Amino acid sequence: MNKVFYVFLSVFSFTILILFTNQQAHAEVDSKELEKEISQEQISAEMDDIMIMQNEVANILGNYEEIQKYGTVHIDRTNGFKIVIGFKNEDSTTSEIKNILSEKLKDKIKFVVTDTTYNELMQIKDNIFDNRANLESNGLHISSVGVDEENNKVNVILDEVDNLAISSQLFVDNFAKSAQLFVEDYEGSEKFLNIIFDPEAKNYNEFSREDNHPILGGGIGIQRTGIGSCSTAFTATKGSTKFLVTAGHCLEGDGSIVRQWSSNVGTDHISYHKSRGFDIGLINVTNSGRKISNFIFANANTNYDAKYTNSGSFLMNQYVCKSGIKTEYTCGQVQETSTSYTDKDTKIITKDVVKIYATGNTKDYSQGGDSGSTTWAGEVLLGVHSGGGDSSTLSWGFAAKTSKVAEHFGSDFTIYKSSNPL
């Protein structure tokens, strides 16, 4: 039977943590890696290997994300590019995965033993985030809680502490209630938690290629009365109904008119953002003069110049790009594969998004108006831009996972992947 263990942090270590606020807050982030400019050629080449891995795992398990029950997956960039799969336990299924991927990917794949699975890290993350009200009532204000598969940790970012001389017992008592670890052989207080205090860390949902496009795709602008401007991510179908997809928080699901850009394109069909925290929403395309496509408005000034032909799941340390109407085309590196966060001003809760740190150091990863942007790598659609954040040294974005759309919109909901406009 699994034992219940609690996380303890001494007053000394917590005091040190507070003293090293901004400079050390994201100590595990490789700043030199984030400063690199990443080419589309490199992103595409890496994505080809990632899709081989994801497709082979899906063939064995029935669904790629089933691997989350077995362990964790991340990209190791220590010496180039290598996909690392960590299995907590070995059985005939993991042996089959090892054998097939070793044959297919050669030196691009590595297998290790891990202490925990992705699903267990998710449980820890959700326990903490869902109990944040109890923590905040005692002076610990949580900005976000996210899963770091590379380091087998859950990152807890605190942006406010009411009493800097908070007692160790208060801290212990409150984290103990919300960070119950159902893991055998728990060995240390900080084993699965990375506590970060960064008073400058601010998250925000984002509202703000502005033209009326006869062919709908990703990276163009929409407007909705009462909410403002957002961007688009991809198109889809369900039966004979055609959809334009954006961030869930850009919609209300109330049937009201949505424009693209200044002409009516359809109606606000559905959003589960407020009820479920899922930040992908659907616009029912009712304008018969508009067609849907798999095109993306990336770097061009007047028309689409990219596309997605497949869809997949995010990997830790993967390079991805987004394209929206405000900051246009920017790229970043995946740093947490599941994050739940609270908007600093509105207190809106968004769950199970991916956190991406900007690379290139040239501009913000995103700004208001970019919500709903396409997030992709190579020609693989991965997510819908949800929001962003920044501190004095870093800029980041959040992306909702397109791999989760069937869970919310039904198995007959189909991402449109054809280059022939429908």
Side-chain angles (χ1 to χ4, degrees), residues 43 47 50-51 53-55 57-58 63-68 73 118 147 206 216-220 222 230-238 241-251 269-273 276-283 285 292-298 306-316 318-324 331-332 334 336-340 350-356 366 370-387 397-418:
I43 293 173
M47 198 66 222
I50 291 170
M51 287 307 295
M53 182 274 293
Q54 292 186 350
N55 289 335
V57 169
N63 182 314
Y64 166 70
E65 294 190 357
E66 286 294 302
I67 201 169
Q68 295 167 354
V73 185
Y118 175 88
V147 173
E206 295 174 333
L216 301 172
I220 58 177
I222 58 169
C230 286
S231 301
T232 61
F234 63 96
T235 64
T237 62
K238 186 168 184 174
T241 304
K242 296 189 288 189
F243 293 108
L244 182 60
V245 182
T246 186
H249 71 262
C250 294
L251 303 175
H269 182 68
I270 201 164
S271 171
Y272 293 123
H273 185 233
R276 303 181 186 177
F278 181 62
D279 204 10
I280 295 180
L282 306 181
I283 300 164
V285 178
I292 64 173
S293 75
N294 65 340
F295 301 144
I296 302 170
F297 210 112
K307 62 183 178 180
Y308 57 87
T309 56
N310 208 337
S311 59
S313 298
F314 289 94
L315 291 190
M316 182 74 186
Q318 177 182 12
Y319 293 126
V320 300
C321 297
K322 64 131 267 295
S323 185
C331 296
V334 174
E336 293 173 350
T337 50
S338 179
T339 300
S340 297
T350 304
K351 297 181 178 180
D352 194 23
V353 290
V354 172
K355 190 173 187 178
I356 302 158
S366 61
D370 285 330
S371 285
S373 303
T374 314
T375 302
W376 82 108
E379 291 190 355
V380 180
L381 177 68
L382 295 168
V384 176
H385 182 70
S386 169
F398 299 106
K401 304 169 183 176
T402 55
S403 61
K404 300 292 185 180
V405 292
E407 294 180 19
H408 297 275
F409 304 140
S411 59
D412 56 341
F413 178 84
T414 304
I415 296 171
Y416 192 72
K417 302 173 185 176
S418 172

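Numbers here are sequence positions counted from 1. Remember, it's a predicted structure, so these values are computed and weren't measured experimentally. The figures that follow rest on heavy atoms only: side chains count, while hydrogens, waters and symmetry mates do not.
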| message | We want to know whether Ser231 and His385 form a side-chain donor-acceptor pair, criterion being a heavy-atom distance below 3.5 angstrom. | response |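 There is no such pair (donor and acceptor under 3.5 Å, judged by atom type) between the side chains of Ser231 and His385.
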
| Among side-chain atoms of Ser386 and His249, is any donor-acceptor pair under 3.5 angstrom? | no

Straight-line distance of [X] [atom1] to [Y] [atom2], nearest 0.5 Å:
X	Y	atom1	atom2	value
Ile67	Tyr118	CD1	OH	12.5 Å
Thr375	Phe234	OG1	CZ	10.5 Å
Leu251	Ile222	CG	CD1	6.0 Å
Asn294	Ser311	CG	OG	11.5 Å
Phe314	Leu382	CZ	CG	4.5 Å
Thr241	His269	OG1	NE2	7.0 Å

How far apart are the closest heavy atoms of [X] and [Y], and which atoms are they?
X	Y	result
Gly324	Ser373	CA-OG, 3.1 Å
Tyr308	Val380	CB-C, 4.5 Å
Gly219	Thr374	N-OG1, 3.5 Å
Ser340	Lys351	OG-CA, 3.7 Å
Met316	Val73	CB-O, 3.8 Å
Ala298	Ala306	CB-CB, 4.0 Å

| field | Test salt bridge (Lys or Arg N to Asp or Glu O under 4.0 Å) applied to Lys238 - qualifying residues, sequence neighbours left out | value | Asp412

Is there side-chain contact between [X] and [Y], with heavy atoms separated by less than 4.5 Å?
X	Y	answer
Trp376	Ser323	yes
Thr402	Val384	yes
Met53	Tyr64	yes
Lys404	Ile280	no
Asn310	Glu379	no
Leu315	Gln54	yes
Asp279	His273	yes
Thr237	Ile292	yes

| task | List for me each residue that meets ring pair (Phe, Tyr, Trp, His ring centres under 6.0 Å) alongside Phe413, sequence neighbours excluded, and say none if there are none. | result | Phe409

| request: Test the Arg276-Phe278 pair against the cation-pi criterion, namely NZ or CZ under 6.0 angstrom from the six-membered ring centroid and within 45° of the ring axis. | output: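 So Arg276 doesn't make the cation-pi contact.
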
| message | Is it the case that over 12 heavy atoms from other parts of the model lie below 6.0 angstrom from the NZ atom of Lys242? | response |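 Yes, the 6.0 Å shell around NZ holds more than 12 heavy atoms from other groups.
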
| Run the side-chain contact (heavy atoms from CB on, under 4.5 Å) check on Val245 and Leu282 step by step: do they pass? | CA-CA 5 Å; Val245 182; Leu282 306 181; 3.8 Å; yes

| message | Before you tell me yes or no, could you show the steps for Thr350 and Phe398 under side-chain contact (heavy atoms from CB on, under 4.5 Å), namely the whole-Å CA-CA distance, both residues' side-chain angles and the distance that decides it to 0.1 Å? | response | CA-CA 9 Å; Thr350 304; Phe398 299 106; over 6 Å; no

| query | When Ser313 is tested against each of Met51, Glu65, Gln318 for side-chain contact (heavy atoms from CB on, under 4.5 Å), which residue passes? | reply |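 Passing option: Glu65.
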
| query | Checking Ser293 side chain against Leu216 main chain: does a donor-acceptor pair fall under 3.5 Å? | reply |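 At least one qualifying donor-acceptor pair exists.
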
| query | When you measure from the side chain of Thr232 to the backbone N and O of Ile220, does any donor-acceptor pair fall under 3.5 Å? | reply |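 Yes; at least one donor-acceptor contact below 3.5 Å.
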
